[in-house]
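Report on one structure; see the data block that follows.
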Amino acid sequence: MSTAASVTVPTPRPVERRPAVTAGRVGMVLFLFTEAMLFAGLVSAFLVLQGRAPVWPPPGQPRLPVAATGVNTLFLILSGVTMLRAVAASRKVGGNTATWLAATGGLGLAFLLGQGIEWARLLGYGLTTRSGVYGATFYAVVGIHGTHVVAALIALAVTWRRADRGGITPARRESVVVCALFWIFVVAVWPILYVLLYQPWGGR
Amino acid sequence: MSHDGHAEAAGLWSRIFSTDHKVIAKQYLFTGIAMAFLGGILAQIMRLQLSNPGHPVPGLGVVQGIKYNATVTMHGTVMIFWVAMPLLLGAFGNFLIPLMVGTRDMAFPRLNMLSYWTFFLSTVVLVSSFLVPGGPSPVGWTAYPPLSAIPAYSGNTWGVHLWILAVALELVAFLMGGINYITTAINLRAPGMRMRDLPLVVWMQIAASIIFLFSVGPLVAGAVMLLLDRTAGTGFYNPAAGGDPLLFQHLFWFFGHPEVYVLLLPGLGIVAEILPVFSRKPIFGYRMIVWSTVVTGLLSFVVWAHHQFVSGIDPRLAAPFSLTTILISVPVAVTLFCFMATLYRGSIEFKTPMLFALGMMAVFLIGGVTGILNGSAAADIYIHDTYFVVAHFHYALIPPVFFSFFAGIYYWYPKMFGRMMNETLGRLHFLGTFLFVNVTFLPMFVMGLRGYPRRVYDPSQFVALGNMGGMQILATIGTAGLLFSQVPLLINFFGSMKRGRVAGANPWRANTLEWLAPSPPQHGNFDEIPSVYRWPYEYSAPGRDNDWYPQHVAPEGALSRKAG
């Protein structure tokens, strides 16, 4: 070790790292950026195809139900609010997280049901995947978003079961937050798709 | 370990479905190596048809028409998605990141296991497409519509369906992997390790993963629409239904070009680790290399349309995309210049990893410089779809995918398997590989400049091109030589597991944290999580007895830096 000639100052051991953001949240945010790029790809494809059409929506094809879906959109936005309440409740001792999660799931199911009824009616009016890019983009974009709602509902169900059975622990609070990130993303992306797909103007 | 039969069975189970990043790395490694031989054999089948048009390939009959197209498609697909990705990201990303940042495993070990098994499933789907009626996809690895969108055009239904499914599963696997790599490097660094203490290969893995994550979404969107066009009768890419075939090209290349950098950056990272160790010098321009990587990543998102100069895009788009394409060579050149400056006046040891690292730089230089010609719209209109492009992208991709991979294998093999590889066999492997890569692809530059078209199964029918059969034969000999040159690697790789000299923890006298762990590292990597006191490239520091100064060794005496 050191000789008498030099004065030795002990080197402190570097302190344990405390990450600013938990791994679960970093991972989820990275995943959501990927998802955002997926929807960006879909939206740009829609805009390109819409821009090629001389008239949009094409004449002689059913119109999309702006008002009914508007109400449906409100259900989904409301589910975002209840999800935020669930996160807030998970921070408090004795907060009713499970109840808010259940309300979120109920509103999400209502949105999905509304979309299902709408699809059934549009198919009845003759708008199918084969009726040109108008029907094709509608079913592809709304279908991919709907798949995300289903995935978010499954994640929500798992989180709700844990919160309902054993109450909130720090690990479960973390899973509520990570689940909420995904849910809020699915909620936030919908109004963009709604405005783009349902607005009755466009074309060259 | 227990001798109880049940416990042993459970042990085997947990060894196959392991969450240990090192086991997963080796699973990716062996799958990737197996697929590399499939890709290489497909290349040889193609070459045999091209140099002897109409002559039967042993065991396969005459490979022309759809059969040839399927061979080209599967060669490209296998090499990019099932060789380059698993070897560079799957094997090295998994093995190195937790060890180099000084942690016990990935941030999400179970997600990591799911990543490999999703990849394995994708491999099974892809290989099974060789067995379905009609054979594997013949529509090119780029799968351009309308050829890919309308089954009647390609004469193939199931092969293309399975191809789309396999690629989608593969992308999901690397999505899970990428999330793991980035989160681990950001959140699980050892105490004292700042971002600027990260080894460059970890930086490059992070950058590659970010590029992959941000570019893959539009391709998935495009692939979903392609599958719907084929199965649900949508007409996204069919002009008759109001669709646009060019749309797919944009969505594809928005992913496809950044993907080149997803493969290049980890390859450059491996070279960046090897050069300082075998020159006994600090890396030159650490920060410049990191910033070049960031700039390369950003620019890689705005170059994609240079693949479409002759596809009928707006000519006003060609100029800005030419500009960005030529610009992206600047940060990559900066990185290579930093590498060269690292060598300058170093005490260079020509061990096998170093030979492959230097070979990577030399071969990649040709690939990079010829890319400038392709990137310029004016020149590209002439050389587009000729052998010049084939030569260019093989010169650009073989260095990171194979030279860097080989360099990395010779360098980290002692860490992975606990024994050294044989130097003589390694040098033989390098000489053969370096020679035959050039024998195969140099003639193609000449053929391309003379107008030889790619993707044509019998080029001899173009009488106007004159006789270039000699160069075709040369290229075929090159491919055969290249395949044959891998024999010393196989002997070395499998032989050294039993017969290699036992490697200590740090056989190369290197600084990074993986060399602190035993060779091979046990489950959990480190006996005790190390603390980090300096950057990874402190070689030949004055005033020390050893010419290396590992990251985890506490400085003696004076307080050199604040903790944390």
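A note on names: the letters A, B, ... follow the listed sequences, proteins ahead of strands, and every chain is numbered from 1.
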B/Val220 versus chain A, the contacting section by heavy-atom distance below 4.5 Å: both
B/Phe236 to A/Ala136 - nearest heavy-atom pair and separation: CZ-O, 3.3 Å
Looking only at non-hydrogen atoms, find the nearest pair between A/Ala23 and B/Ala107 and report the distance. CB-CB, 4.3 Å
Contacting moiety of B/Ala232, where chain A heavy atoms sit under 4.5 Å: both
Quick check on B/Phe254 against chain A: is it the side chain, the backbone, both or neither that has a heavy atom closer than 4.5 Å? side chain
Out of B/Leu175, B/Ile186, B/Ile210, return the one with the most heavy atom pairs under 4.5 angstrom to chain A. B/Leu175
Between B/Asn187 and A/Val21 (side chain of the first, backbone of the second, donor and acceptor by atom type, cut-off under 3.5 Å), is there such a pair? yes
Using heavy-atom distances under 4.5 Å, tell me whether B/Thr103 contacts chain A through its side chain, its backbone, both, or neither. neither
Bottom line for B/Met225: the part with an atom under 4.5 Å from chain A's heavy atoms is side chain
Scored by heavy-atom pairs under 4.5 Å with chain B, the best of A/Ala36, A/Ser44, A/Ala45, A/Gly135 is A/Ala45
Please classify the contact of B/Phe108 with chain A as side chain, backbone, both or neither, using a heavy-atom distance under 4.5 Å. side chain
If one checks every heavy atom of B/Ala240 against chain A at 4.5 Å, the contacting part turns out to be neither
Residue B/Leu213 versus chain A: region with a heavy atom under 4.5 Å: both
